[in-house]
Amino acid sequence: MSSNNPQRRASVGVKVGPVQVGGGAPIVVQSMTNTDTADVEASVKQVLELYRTGSELVRLTVDRDESARAIPEIRERLAKLGFDVPLVGDFHFNGHTLLTKYPECAEALAKYRINPGNVGKGSKRDAQFAQMIEFACRYDKPVRIGVNWGSLDQAVLTRLMDQNRELAQPRELVEVQQDAVITSAIESAEQAVELGLPKDHIILSCKMSGVQELISVYERLATRCDYALHLGLTEAGMGSKGIVASTAALSVLLQQGIGDTIRISLTPEPGGARTQEVIVAQQILQTMGLRSFTPMVISCPGCGRTTSDYFQRLAQEIQGYLQNKMPEWRGKYKGVEDMHVAVMGCVVNGPGESKNANLGISLPGTGESPVAPVYEDGEKTVTLKGDNIAAEFQAIVERYVES
Ligand code: SF4
């Protein structure tokens, strides 16, 4: 953790199964499956992949009878494998019906996500929202009141637009729209409290798909309440665009101390791993010095002094090796996630960065003698040479962690 860490916004802590969100707890990483929840085998496999990568909460779609019936089975299968994964049910449109029909689903979930814009229309809206909150009260479960700009409660928007028209100096339309997103979240939370759900059972989110809009909405939301906040740029997109947009938005907010749990909504590349969103979330928190998850690999960009791709491959292999080892090492080797490993391309910056890291290797650049000095805790301990440098360095990393 960096000593420059921003002061966190004070929020009411919420227990989601064994995980605390807000109230000064470390910022929680969460993710969502993209399997058909009714496919128990595929869902258990993906929940486990996400959880083992470091997702502390995992959300699943609960959209129909089959998926509601699958939830208790998924939970049981995970428990039999020895994993207590807090599962979050994502409800839209028919959540009140599904919770009523399947109390065992209501019981098995650790949290319900309720979208106030999709709970019901007209006069039914309040009754159906109340029905879901009643289940949260009955089973002592927290809820996330999750507003999305794309499915905003139109009744709230219409009301605020009408009020705005009556003002002597009407506000900009975009400001009223953003206000409607915030108001929908806060009014729904107040309604839940009136229905008997304690404040420490409520998390709020107001997701937008534009970076500037998201920042603006959360900055205002953060000053209007002390509920724990879930951050995420919705529909962030694919590949580097999704990663950059999410990082840009979230880092501005996290730097202001706003946010108690984060989810990175990436569109996976076809055939790509769902776990990427967990790794990106962890990397945002770790590079900002807010939490540590996996030893960090520091590597230089390479230049004309690194004419082969040997050094890039070694950096990538070590990063992958550390990432894969973490489920086994986490909890077994105290502080391993704070480790820094430097993989440098030549002697220009190699020895300096290697000495600053827990472990470092400076590979031979063009024109240098074909040797790679290795540093452990600032001291040069060995010089590797030959064709086996990568495997030997990996063995040194393993020995270092285990000792
Ligand atoms: Fe280039 Fe060496 Fe600097 Fe890496 S450390 S960028 S190889 S000069």
Side-chain angles (χ1 to χ4, degrees), residues 1-5 239-248 250-251 255 264 269 273 276 279-326 329 335-403:
M1 296 266 289
S2 158
S3 55
N4 296 322
N5 276 353
S240 60
K241 184 262 167 188
I243 295 172
V244 171
S246 294
T247 308
L250 267 55
S251 52
Q255 189 59 22
I264 306 300
E269 311 275 352
Q276 193 196 15
I279 295 167
V280 172
Q282 291 179 332
Q283 285 174 343
I284 291 173
L285 295 177
Q286 185 150 359
T287 52
M288 290 187 72
L290 299 172
R291 276 191 78 178
S292 298
F293 298 92
T294 303
M296 272 220 268
V297 174
I298 297 147
S299 54
C300 72
C303 65
R305 299 174 69 99
T306 51
T307 46
S308 85
D309 66 355
Y310 186 75
F311 127 83
Q312 289 101 312
R313 279 193 283 117
L314 180 61
Q316 197 178 34
E317 274 172 29
I318 294 294
Q319 178 89 63
Y321 170 75
L322 294 168
Q323 188 82 45
N324 291 337
K325 279 289 199 179
M326 275 316 284
W329 286 349
V336 63
E337 60 276 4
D338 292 317
M339 219 174 103
H340 287 87
V341 181
V343 179
M344 299 294 290
C346 81
V347 292
V348 171
N349 292 320
E353 287 290 356
S354 297
K355 282 181 196 164
N356 272 336
N358 298 89
L359 267 176
I361 185 166
S362 176
L363 290 162
T366 47
E368 293 171 21
S369 58
V371 295
V374 172
Y375 297 80
E376 296 181 47
D377 296 324
E379 300 291 333
K380 187 160 99 175
T381 51
V382 64
T383 299
L384 303 178
K385 37 184 114 156
D387 299 332
N388 225 6
I389 288 178
E392 287 174 26
F393 185 60
Q394 196 163 298
I396 291 171
V397 174
E398 183 151 9
R399 178 188 41 75
Y400 183 91
V401 172
E402 289 176 359
S403 67

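The basis for the numbers below is simple: all heavy atoms, side chains too, and nothing from hydrogens, waters or symmetry mates. In each ligand, atom 1 is the first atom listed, and ligand 1 is the first ligand listed.
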Is the distance from atom 4 (Fe) of ligand 1 to some N, O or S atom of C346 under 2.8 Å? no

Could you check whether atom CD of Q316 has more than 12 heavy atoms from other residues, nucleotides or ligands sitting under 6.0 Å from it? no

Considering only the protein, which heavy-atom contact is closest to atom 4 (Fe) of ligand 1, and what is its distance? C300 SG, 2.3 Å

Hey, does F311 have a side-chain heavy atom less than 4.5 Å from the side chain of C346? no

For residues Y400 and D377, is any side-chain donor paired with an opposing acceptor at under 3.5 Å? yes

Can you tell me if G302 contacts ligand 1 (heavy atom of the residue under 4.0 Å from the ligand)? yes

Considering heavy atoms of the protein only, find what lies nearest to atom 7 (S) of ligand 1 and give residue, atom and distance to 0.1 Å. T306 CG2, 3.4 Å

From Q283 atom CD to Q276 atom CD, the distance as rounded to the nearest 0.5 Å: 9.0 Å

Considering only the protein, which heavy-atom contact is closest to atom 3 (Fe) of ligand 1, and what is its distance? N349 ND2, 3.6 Å

heavy-atom search around atom 1 (Fe) of ligand 1 in the protein gives C303 SG, 2.3 Å

With a 4.5 Å heavy-atom cut-off, do I361 and I389 have their side chains touching? yes

Relative to the heavy atoms of R305, which atoms of ligand 1 are at a distance of less than 4.0 Å? 8 (S)

Between E376 and T381, does any side-chain donor sit less than 3.5 Å from a side-chain acceptor? yes

